[in-house]
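Structure record follows, encoded as structure tokens.
Computed over heavy atoms, backbone and side chain alike; hydrogens, waters and symmetry mates excluded. A quick note: this is a predicted structure, and the numbers were derived from the prediction, not measured.
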Amino acid sequence: MTLIDLASDPSEVVRKAVAARADAPAQALRPLTRDHDRQVREAVARNPSTSIANLLRLVKDADRWIRWAVASNPACDESVRRAMVEASDKELRGLLAESRELEPELAAKLIDDVSPEVRERLATHTHDPNVINALLADRTARVRKGAARNPRTTAAQRSALAADPVVDVRAALVRSVELDEADLERLVDDRSVQVRLAMATSEVVPPHIRQQLTRDPDEMVASAARDFRPGSGNASAVRAPRIAHRPSAGAGRSGRDTAR
């Protein structure tokens, strides 16, 4: 009852403290989802104890940072993710695409998302081989490039990516994942200098392949292969899923500066 009373305190600092409390009851958090101070609403959006009803209310908030905070809340269930997949906010759908808990039905919707960025993020982070297969056929190269960086691709999928007609896709592949010997032997003679240079500087390419590249007809590739040192920062790791946090510098305290 004390927390419920404090939820209407005139001080935004107090209301924000209530909004962040793990033991705050739904009755206290519900009015805070409509608080005029966006930092209070954002604290509710990040609170793992926030009810599904309140998360559904916040996922439609006018402030994008609050919507993105909902995406990182571990209390999200299928109903919240379903609301996210239908949202007009591209970044919100992109955060959803990186979720490990994504249901196959929702992943199927994101496969056809209007935004290439959303499809790329799905291709990079999905654990579903069927989703990867579908995205390998995407007409946009950046989507296939995302799949090339996904460490959960199968050997067959990697072979398909090794034969991709777009140089950036093949270059991303050799930087990111280990390939079968047949694919490596084909790529070591790739027609693109960019692909061979990516191989020469990749942490995941085996030494015997790099040794072949020391004799590459392009001196830049050959030199890169000769000068390569393990652990020199050449690996192209898949970045972790984004967790949206509002920048602290210059952040406003009221809802007047709401970003849409």
Side-chain angles (χ1 to χ4, degrees), residues 1-107 109-110 113 115 117-118 121-122 125-127 239-260:
M1 292 303 298
T2 301
L3 289 173
I4 292 172
D5 290 340
L6 289 173
S8 58
D9 193 275
S11 168
E12 62 193 35
V13 175
V14 173
R15 299 196 308 277
K16 182 179 177 182
V18 173
R21 288 275 296 244
D23 58 348
Q27 300 96 305
L29 295 180
R30 188 178 302 114
L32 297 180
T33 64
R34 299 184 294 271
D35 197 279
H36 66 84
D37 187 276
R38 64 188 187 185
Q39 292 190 10
V40 173
R41 303 198 308 278
E42 188 172 341
V44 180
R46 295 192 185 280
N47 190 335
S49 299
T50 299
S51 69
I52 296 303
N54 284 333
L55 289 176
L56 286 169
R57 189 174 293 113
L58 289 166
V59 84
K60 298 176 182 178
D61 196 279
D63 188 308
R64 60 183 178 178
W65 291 99
I66 293 166
R67 300 193 298 268
W68 300 348
V70 173
S72 65
N73 193 314
C76 282
D77 69 355
E78 182 178 355
S79 65
V80 179
R81 288 190 285 272
R82 192 175 297 280
M84 290 170 62
V85 82
E86 300 294 344
S88 60
D89 183 345
K90 178 183 71 173
E91 177 65 20
L92 184 62
R93 301 196 311 276
L95 290 167
L96 177 65
E98 296 178 348
S99 171
R100 291 193 63 173
E101 292 77 27
L102 190 60
E103 291 77 10
E105 176 191 349
L106 300 184
K109 289 190 175 185
L110 292 176
D113 195 276
S115 167
E117 180 186 341
V118 172
R121 291 165 72 171
L122 179 64
H125 292 278
T126 183
H127 289 65
R239 64 169 173 76
R242 304 177 191 177
I243 301 297
H245 287 283
R246 187 194 302 272
S248 57
R253 295 178 63 85
S254 73
R256 291 191 299 272
D257 299 323
T258 295
R260 297 182 181 274

Do the non-hydrogen side-chain atoms of Leu102 and Thr126 ever get within less than 4.5 Å of each other? no
Look only at the side chain of Arg82 and the backbone of Leu106, and say whether a donor-acceptor pair between them is shorter than 3.5 Å. no
Identify the two heavy atoms, one from Leu92 and one from Ala71, that lie closest to each other, and give their separation to 0.1 Å. CD1-CB, 4.0 Å
Among Arg41, Arg30, Arg15, Arg57, which residue satisfies the salt bridge (charged side-chain N to carboxylate O under 4.0 Å, His left out) criterion with Asp35? Arg15
Within this structure, what is the CG-CG distance for the pair Leu3 and Asp9, rounded to the nearest 0.5 Å? 11.5 Å
Would you call Lys90 and Glu117 a salt bridge, taking side-chain N to carboxylate O under 4.0 Å as the test? yes
Tightest non-hydrogen contact, residues Ile66 and Arg38, listed as CD1-O, 3.6 Å
Donor-acceptor contacts, no H, no angles, side chain residues 16-28, under 3.5 Å, sequence neighbours left out:
unit_1, atom_1, unit_2, atom_2, d
Lys16, NZ, Gln39, OE1, 3.4
Arg21, NE, Asp23, OD1, 2.7
Arg21, NH2, Asp23, OD1, 3.4
Arg21, NH2, Asp23, OD2, 2.8

Rounded at 0.5 Å granularity, tell me how far CE in Met84 sits from SG in Cys76. 6.0 Å
Nearest 0.5 Å, what's the CG-CG distance between Leu96 and Asp89? 11.0 Å
Value rounded to 0.5 Å, distance of CH2 in Trp68 from CG in Asp61: 12.5 Å
Quick check for you: to the nearest 0.5 Å, what is the distance between Thr33 atom OG1 and Leu56 atom CG? 11.0 Å
Arg64 and Glu91 ion-paired at < 4.0 Å: no
So which heavy atom on Asn73 is nearest to which on Asn47, and how close? ND2-O, 2.9 Å
Checking salt bridge (Lys or Arg N to Asp or Glu O under 4.0 Å) for the pair Arg81/Glu103: CA distance, chi angles, key distance, verdict? CA-CA 9 Å; Arg81 288 190 285 272; Glu103 291 77 10; 2.7 Å; yes
What I want to check is whether the side chains of Ser51 and Asn54 have a donor and an acceptor closer together than 3.5 Å. yes
Backbone N/O of Arg34 and side chain of His36: donor-acceptor pair under 3.5 Å: no
Interatomic distance, CD@Glu86 vs CZ@Arg93, rounded to 0.5 Å, equals 9.5 Å
With side chains defined as the heavy atoms from C-beta onward, is the minimum distance between Leu95 and Arg121 less than 4.5 Å? yes
